[in-house]
Enquirer: 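Below you'll find the structure I mean.
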Amino acid sequence: MFRSINFNAGPAALPQEVILKAQEELFDYHGTGMSIMEMSHRSKEFHAVHVHAQSMLREIMDIPDTHEVLFMQGGASHQFAMVPMNFLHPGQTAHYILTGTWAEKALQEAASLGSVDVLASTKETGYRSVPAELSKKPLHSAYTHITSNNTIYGTQWQSFPEVEDRLIADMSSDIMSRKIDVSKFSLIYAGAQKNLGPSGVTVVIADKDFLGTAQREQPKILQYKTFSDSNSLYNTPPTFSIYMLALVLEWTLERGGIHAIEKANNEKAQLLYHEIDSSEGFYEGHAEKGSRSQMNVTFRLPSEDLTAEFLKGAAAEGMVGLPGHRSVGGCRASIYNAVPITHCEALAEYMEKFRKKN
Ligand SMILES: *Cc1c(COP(=O)(O)O)cnc(C)c1O
């Protein structure tokens, strides 16, 4: 059977072991005579999966008891609206740091609901970096929102900004890729389809006290409280996605948890950045060195023709997902947790071979 060398940006590669385990359990889940998709979300079998997923995520990310783990739907885009609906109170301003397209989208949703201000932006320089420092100090701020990893531009916060208000982060494309201090964040959200599993489930990690400050006039289904009061079982959750998430979390623990994952991610990214840096300008990275992402490596070749030829040759070697986002062009290799180092080695070798030939 054939598995491609998958550099897709999202939905993205899942660990091969996870796919095989899901296949093995699909027809008859633990002797129930049905797949996990075909049983009640209130069954004891699914309940065990649900709470195990929450506890494994707590263990891997070292989530303190002050914070809750919620499983929601609607993706990160839904959170763009949920966050201001719940936490942008009248008379307050929400602060956004613009580091890419996703941050812009989050800002747009908030702007349609209340008062917003841009605390810092790197748009003028083509989103090649994250801001070095924040100039304005937020006043009457509801929260400050950041995007921890900019999937499209290939930049990432190396350390998080110190803000005086509540910090909220869209971590869709780098959650669980490195050790972070969860207690610094009032709320973290991530669509699962980059680092955690398939699309369908959105993970929210939130400070319980902060959740208590939410506005209450929203429809029930748009309140975080509804999810926290019901342990994310208010209505039918995306059961299969949560099951897949649990398998990815098991796989993560088997590999040695966050430290092993972070070390592997460093090595993987290093292989590709080394190839860019030693190419004497043949490959030009989009991100400034101090803001480089360990998850999405973005680069350009000297011409459109060479880019097309590069991508064609890569495809012939079984590598998929390398064309850059339409707004940036060039190439992008997304090397999330599930992408094995052998795939990055294959790409680095191919990059070197292609450069020498041209
Ligand atoms: C992919 C991505 C999104 C969009 O996620 P959806 O789940 O499709 O809404 C938002 N933010 C970031 C950083 C992403 O990488």
Side-chain angles (χ1 to χ4, degrees), residues 66-68 70 72-127 129-153 155 157 159-173 182-191 202-228 327:
T66 48
H67 284 58
E68 257 184 87
L70 308 178
M72 300 179 67
Q73 301 191 56
S77 302
H78 187 248
Q79 297 298 312
F80 294 167
M82 281 280 288
V83 165
M85 274 183 170
N86 282 263
F87 301 113
L88 178 47
H89 300 269
Q92 292 184 331
T93 298
H95 290 87
Y96 281 73
I97 300 183
L98 296 190
T99 50
T101 309
W102 295 119
E104 285 180 18
K105 291 206 163 138
L107 171 73
Q108 279 160 18
E109 286 288 52
S112 73
L113 291 157
S115 161
V116 293
D117 200 6
V118 175
L119 197 56
S121 169
T122 51
K123 187 174 184 145
E124 304 237 305
T125 47
Y127 289 133
S129 64
V130 297
E133 57 190 282
L134 309 180
S135 48
K136 285 186 271 180
K137 288 254 184 291
L139 282 175
H140 307 295
S141 180
Y143 56 80
T144 295
H145 180 281
I146 63 166
T147 313
S148 57
N149 181 74
N150 300 285
T151 324
I152 293 173
Y153 300 90
T155 66
W157 291 88
S159 62
F160 296 108
E162 293 294 333
V163 297
E164 280 160 31
D165 57 344
R166 305 295 206 140
L167 189 58
I168 294 184
D170 173 3
M171 291 198 187
S172 293
S173 55
V182 173
S183 72
K184 286 203 159 169
F185 297 88
S186 292
L187 194 141
I188 292 167
Y189 61 86
T202 309
V203 169
V204 173
I205 302 166
D207 183 314
K208 290 174 191 166
D209 290 343
F210 183 59
L211 287 182
T213 69
Q215 319 194 77
R216 287 292 143 72
E217 60 273 24
Q218 313 304 336
K220 240 182 153 178
I221 194 69
L222 299 175
Q223 294 181 25
Y224 288 102
K225 187 179 188 300
T226 305
F227 291 81
S228 64
S327 61

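For clarity, every value in this text was computed on a predicted model and none was experimentally measured.
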Enquirer: Do you know the tightest heavy-atom contact between Ala81 and Leu113?
Expert: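 Shortest heavy-atom contact: O-CD1, 3.9 Å.
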Enquirer: Rounded to the nearest 0.5 Å, how far does OG1 of Thr213 lie from OH of Tyr224?
Expert: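 Nearest 0.5 Å value for the OH-OG1 distance: 11.0 Å.
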Enquirer: Any side-chain donor paired with an acceptor under 3.5 Å for Thr155 and Asn150?
Expert: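 Side chains of Thr155 and Asn150: pair found under 3.5 Å.
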Enquirer: Is there a side-chain contact between Ser148 and Phe185 (heavy atoms, below 4.5 Å)?
Expert: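 The answer is no; the side chains never approach within 4.5 Å.
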Enquirer: Distance only, no hydrogens: is a donor on one side chain within 3.5 Å (strictly under) of an acceptor on the other, for Asp165 and Thr144?
Expert: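 Thr144 and Asp165 do have a side-chain donor-acceptor pair below 3.5 Å.
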Enquirer: What are the two closest heavy atoms between Gly91 and His140, and how far apart are they?
Expert: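 In terms of heavy atoms, the two residues are closest at O-CB, 4.2 Å.
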Enquirer: Give me the atom names and distance for the closest heavy-atom approach of Gln73 to His78.
Expert: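 Between these two residues, the closest heavy atoms are O-ND1, 3.4 Å.
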Enquirer: Evaluate Thr226 against Ile221 for side chain to side chain contact (heavy atoms under 4.5 Å, CB included), listing each step before the verdict.
Expert: CA-CA 7 Å; Thr226 305; Ile221 194 69; 5.5 Å; no
Enquirer: If you count the non-hydrogen atoms of other residues, nucleotides and ligands that lie under 6.0 Å from CD in Glu217, is the total more than 12?
Expert: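 Counting other residues, nucleotides and ligands, CD of Glu217 exceeds 12 neighbours.
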Enquirer: To the nearest 0.5 Å, what is the distance between OG on Ser327 and OH on Tyr127?
Expert: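 Rounded to the nearest 0.5 Å, the OG-OH separation comes to 10.0 Å.
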Enquirer: I need the minimum non-hydrogen distance between Pro161 and Leu167, along with the two atoms involved.
Expert: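 The answer is O-CD2, 4.1 Å.
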Enquirer: Heavy-atom distance under 4.5 Å between the side chains of Ile168 and Tyr189, does that happen here?
Expert: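 Side chain of Ile168 against side chain of Tyr189, heavy atoms only: contact under 4.5 Å found.
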Enquirer: Using only atom types and a distance under 3.5 Å, with no angle test, would you say the side chain of Thr202 pairs donor to acceptor with the backbone of Gly75?
Expert: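 At least one qualifying donor-acceptor pair exists.
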Enquirer: Give a yes or no answer on whether the side chain of Ser172 reaches the backbone of Gly191 with a donor-acceptor pair at less than 3.5 Å.
Expert: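 It does hold such a pair.
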Enquirer: Please enumerate all residues that pass salt bridge (Lys or Arg N to Asp or Glu O under 4.0 Å) together with Lys123, with sequence neighbours excluded.
Expert: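 Lys123: salt bridge (Lys or Arg N to Asp or Glu O under 4.0 Å) contacts with Glu104.
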Enquirer: Tell me yes or no: between the side chains of His95 and Ser141, is some donor less than 3.5 Å from an acceptor?
Expert: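 His95 vs Ser141: donor-acceptor pair found between side chains.
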Enquirer: Checking Tyr153 against Thr101: is there a side-chain donor and acceptor pair closer than 3.5 Å?
Expert: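 Note: Thr101 and Tyr153 side chains meet the donor-acceptor criterion.
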Enquirer: Leu211 vs Lys225, test: side chain to side chain contact (heavy atoms under 4.5 Å, CB included). Steps then yes/no.
Expert: CA-CA 7 Å; Leu211 287 182; Lys225 187 179 188 300; over 6 Å; no
Enquirer: Whether the Ser173 and Asn149 side chains hold a donor-acceptor pair (N or O, under 3.5 Å, no angle test) is what I'd like checked.
Expert: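 On atom types as modelled, these side chains qualify, holding a pair under 3.5 Å.
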Enquirer: Show the numbers, then the answer: is there a side chain to side chain contact (heavy atoms under 4.5 Å, CB included) between Thr99 and Ile146?
Expert: CA-CA 8 Å; Thr99 50; Ile146 63 166; over 6 Å; no
Enquirer: Minimum heavy-atom separation for Glu109 to Phe80, with atom names?
Expert: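 Shortest heavy-atom contact: CB-O, 3.5 Å.
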Enquirer: Answer with yes or no after comparing the ring centroid distance for Phe87 and Phe210 against a 6.0 Å cut-off, counting only values under it.
Expert: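 For Phe87 and Phe210, the ring centres are under 6.0 Å apart.
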Enquirer: Just by modelled atom types, is the Ser129 backbone N or O under 3.5 Å from a matching donor or acceptor in the Thr122 side chain?
Expert: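 Here the side-chain-to-backbone pair exists.
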Enquirer: Quick one: ring pair (Phe, Tyr, Trp, His ring centres under 6.0 Å) partners of Phe227, sequence neighbours excluded?
Expert: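 Per chain and number, Phe227 pairs via ring pair (Phe, Tyr, Trp, His ring centres under 6.0 Å) with no residue.
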Enquirer: Quick one: pull up OG1 in Thr66 and NZ in Lys208 and give me the separation to the nearest 0.5 Å.
Expert: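 Those atoms lie 7.0 Å apart.
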Enquirer: Please report the closest heavy-atom contact between Leu88 and Gly114, naming both atoms and the distance.
Expert: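 The pair with the smallest heavy-atom distance is CD2-CA, 3.8 Å.
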Enquirer: Any non-hydrogen side-chain atom of Leu119 less than 4.5 Å from a side-chain atom of His145?
Expert: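 Leu119 does not reach His145 side chain to side chain.
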Enquirer: Give a yes or no answer on whether the side chain of Asn86 reaches the backbone of Leu222 with a donor-acceptor pair at less than 3.5 Å.
Expert: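 Yes.
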Enquirer: About how many Å separate CG of Asp117 and CG of Leu107, when rounded to the nearest 0.5 Å?
Expert: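 It is 9.0 Å, given to the nearest 0.5 Å.
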Enquirer: So does Thr151 get a backbone contact from the side chain of Trp102, meaning a donor-acceptor N/O pair under 3.5 Å?
Expert: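 Flag not set: sc Trp102 to bb Thr151 has no pair under 3.5 Å.
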Enquirer: Is His67 reaching over with its side chain to a backbone N or O of Ser186, donor-acceptor style, under 3.5 angstrom?
Expert: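 Between the backbone of Ser186 and the side chain of His67 there is no qualifying donor-acceptor contact (under 3.5 Å).
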Enquirer: Between Val203 and Leu70, is a side chain to side chain contact (heavy atoms under 4.5 Å, CB included) present by the stated rule, with each step listed?
Expert: CA-CA 6 Å; Val203 169; Leu70 308 178; over 6 Å; no
Enquirer: So, do Pro84 and Tyr143 sit near enough that their side-chain heavy atoms are less than 4.5 Å apart?
Expert: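 Touching, per the 4.5 Å side-chain cut-off.
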Enquirer: Say you draw a straight line from CD of Gln79 to CE of Met72; how long is it, rounded to the nearest 0.5 Å?
Expert: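 Result: 5.0 Å between the selected atoms.
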Enquirer: Is a donor on one side and an acceptor on the other found under 3.5 Å between the side chain of Gln223 and the backbone of Gln218?
Expert: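 Confirmed, Gln223 side chain pairs with Gln218 backbone.
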Enquirer: For the atom pair CE (Met82) and OG (Ser77), what is the distance rounded to the nearest 0.5 Å?
Expert: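 OG of Ser77 is found 13.5 Å from CE of Met82.
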